[in-house]
Amino acid sequence: MINLNPDSPTRYDRLTMTLHWLTALLVIGLFASAQVWEQLAKGTPLRKELQALHISCGILLAVIVIARLLWRLSAGRRLPPANRGVMNLMAKTAHVALYVLLLSQIVLGFVFRWAQAEPFNFFGLFDVPTLITFDKSLKSVFGGLHEQVAWVIVILAGLHAVMALVHHYVLRDNTLRRMLPHGSN
Ligand code: HEM
Ligand code: HEM
């Protein structure tokens with residue numbers, strides 16, 4: 001771990017942490033919900049409810065990811081890199097890839113639902129307007145891409161989590177702690 005300037009903050013700010021952990025929780029929940037409903041027979045109420053929940057949580061994820069990017073690009077706290085050289089490059093590439101994949105997955109989720117032409121609402125509170133209409137034949141194209149991107153995100157986020165644990169338990173540095181809300185600053 002690179003030595004930090006003693007005057008510089010040792011943790012990310014609260015909003016960055018909150019948005020990071022909400023993103024992680026939602027991504028895991030979204031992936032898990034699809035694995036569960038795929039075990040259920042088509043047309044069952046529980047399957048439909050899980051899909052509606054997935055879509056509402058997907059809309060929430062869209063808001064959180066956009067808020068996170070806006071915060072990061074504006075006032076969000078920046079910390080010195082946790083790695084040097086090639087490891088730094090790999091970590092940065094993985095973080096950018098995760099943002100790009102999340103944004104792509106959000107777009108795919110929306111266009112998938114529009115192509116399905118089925119109810120599209122946020123926890124029953126309001127309907128999402130149809131901004132683009134697609135031919136129904138595109139349903140399987142968007143669905144296939146959405147599923148593949150889901151696997152790529154889950155694998156990359158898994159590796160990312162393993163690396164965070166390697167920093168913590170093997171390298172014994174501050175990398176994971178600075179994303180955890182203990183103590184001050
Ligand atoms: C689906 C799950 C996850 C996603 C999509 C995700 C995404 C990200 C992204 C994009 C960053 C870069 C932040 C930035 O610089 O803007 C980041 C940072 C970080 N994540 Fe995750 N993350 C996930 C799960 C986890 C888990 C489970 C852990 C811990 C076990 C973790 C630990 C960290 C740490 C410690 C950082 C800060 C790294 C640094 O300071 O260089 N993340 N995460
Ligand atoms: C990282 C976030 C996400 C992951 C990991 C994820 C994962 C999945 C998976 C694995 C499926 C099943 C695909 C299939 O069998 O064809 C699915 C279906 C779906 N997802 Fe997502 N998804 C995410 C975000 C979103 C978002 C943001 C939306 C937009 C609201 C969305 C909307 C949908 C829709 C409409 C379906 C089809 C549901 C149905 O068949 O009725 N997803 N998702």
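All values derive from a computational prediction rather than experimental measurement. When a ligand or atom number is given, it counts from 1 through the structure's own listing order.
- Within ligand 1, counting atoms from 1 as listed, the ones closer than 4.0 Å to a heavy atom of Met179 are 18 (C), 19 (C), 34 (C), 35 (C), 36 (C), 37 (C).
- If you check the side chains of Trp71 and Thr16, you find a donor sitting under 3.5 Å from an acceptor.
- Checking only distances, Thr175 never comes within under 3.5 Å of ligand 1, N or O to N or O.
- Side-chain contact of Asn83 with His167: a donor-acceptor pair under 3.5 Å is present, judged by distance alone.
- Under 4.0 angstrom from ligand 1, the non-hydrogen atoms of His20 all belong to its side chain.
- Ligand 2 lies within reach of Trp37, whose nearest heavy atom is under 4.0 Å from it.
- For atom 7 (C) of ligand 2, the nearest non-hydrogen atom from the set His54, Gln51, Glu147 belongs to His54.
- Considering Leu30, Val63, Leu145 only, the shortest heavy-atom separation from atom 2 (C) of ligand 2 involves Leu30.
- Remark: minimum distance from atom 22 (N) of ligand 2 to any protein heavy atom is reached at His146 NE2, 2.8 Å.
- Within ligand 1, the atoms closer than 4.0 Å to a non-hydrogen atom of Arg178 are 39 (C), 40 (O), 41 (O), numbered from 1 in the order shown.
- Counting side-chain heavy-atom gaps under 4.5 Å among Ile, Leu, Val, Met, Phe, Trp and Tyr, the cluster of Ile66 also holds Leu70.
- Ala34 CB, 3.6 Å is the protein heavy atom nearest to atom 11 (C) of ligand 2.
- Counting heavy atoms under 4.0 Å from ligand 1, residue Ala164 touches it through the side chain alone.
- Residue contacts with ligand 2 leave out Lys48, since none of its heavy atoms falls under 4.0 Å from the ligand.
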| query | Run the ring-ring contact (aromatic ring centres under 6.0 Å, His included) check on Phe31 and Trp151 step by step: do they pass? | reply | CA-CA 8 Å; Phe31 187 75; Trp151 279 100; 4.9 Å; yes

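- Distances shorter than 4.0 angstrom occur between a heavy atom of Glu38 and an atom of ligand 2.
- Nearest protein heavy-atom neighbour of atom 37 (C) of ligand 2: Phe112 CE2, 3.3 Å.
- Heavy-atom proximity to Tyr12, at under 4.0 Å, picks out these atoms of ligand 1: 37 (C), 39 (C), 40 (O), 41 (O).
- Heavy atoms of Leu176 found under 4.0 angstrom from ligand 1 belong to the backbone as well as the side chain.
- Taking every heavy atom of Arg72 and a limit of under 4.0 angstrom, the matching atoms of ligand 1 come to 14 (C), 15 (O), 16 (O).
- Contact of the Arg72 side chain with the Tyr99 side chain is registered, since non-hydrogen atoms from C-beta on lie closer than 4.5 Å.
- Only the side chain of Trp21 comes within contact range of ligand 1, with a heavy atom under 4.0 Å; no backbone atom does.
- Some N or O of His160 is nearer than 3.5 Å to an N or O of ligand 1, by distance alone.
- Short contacts between ligand 1 and Val27, defined as distances under 4.0 Å to a heavy atom of the residue, involve ligand atoms 1 (C).
- Atom CZ of Phe126 has more than 12 neighbouring heavy atoms from other residues, nucleotides or ligands inside a 6.0 Å radius.
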Compile the donor-acceptor pairs under 3.5 Å between side chains in residues 19-26 and protein atoms, sequence neighbours left out, one pair per line.
unit_1	atom_1	unit_2	atom_2	d
Trp21	NE1	Met179	O	2.8
Thr23	OG1	Leu19	O	2.6

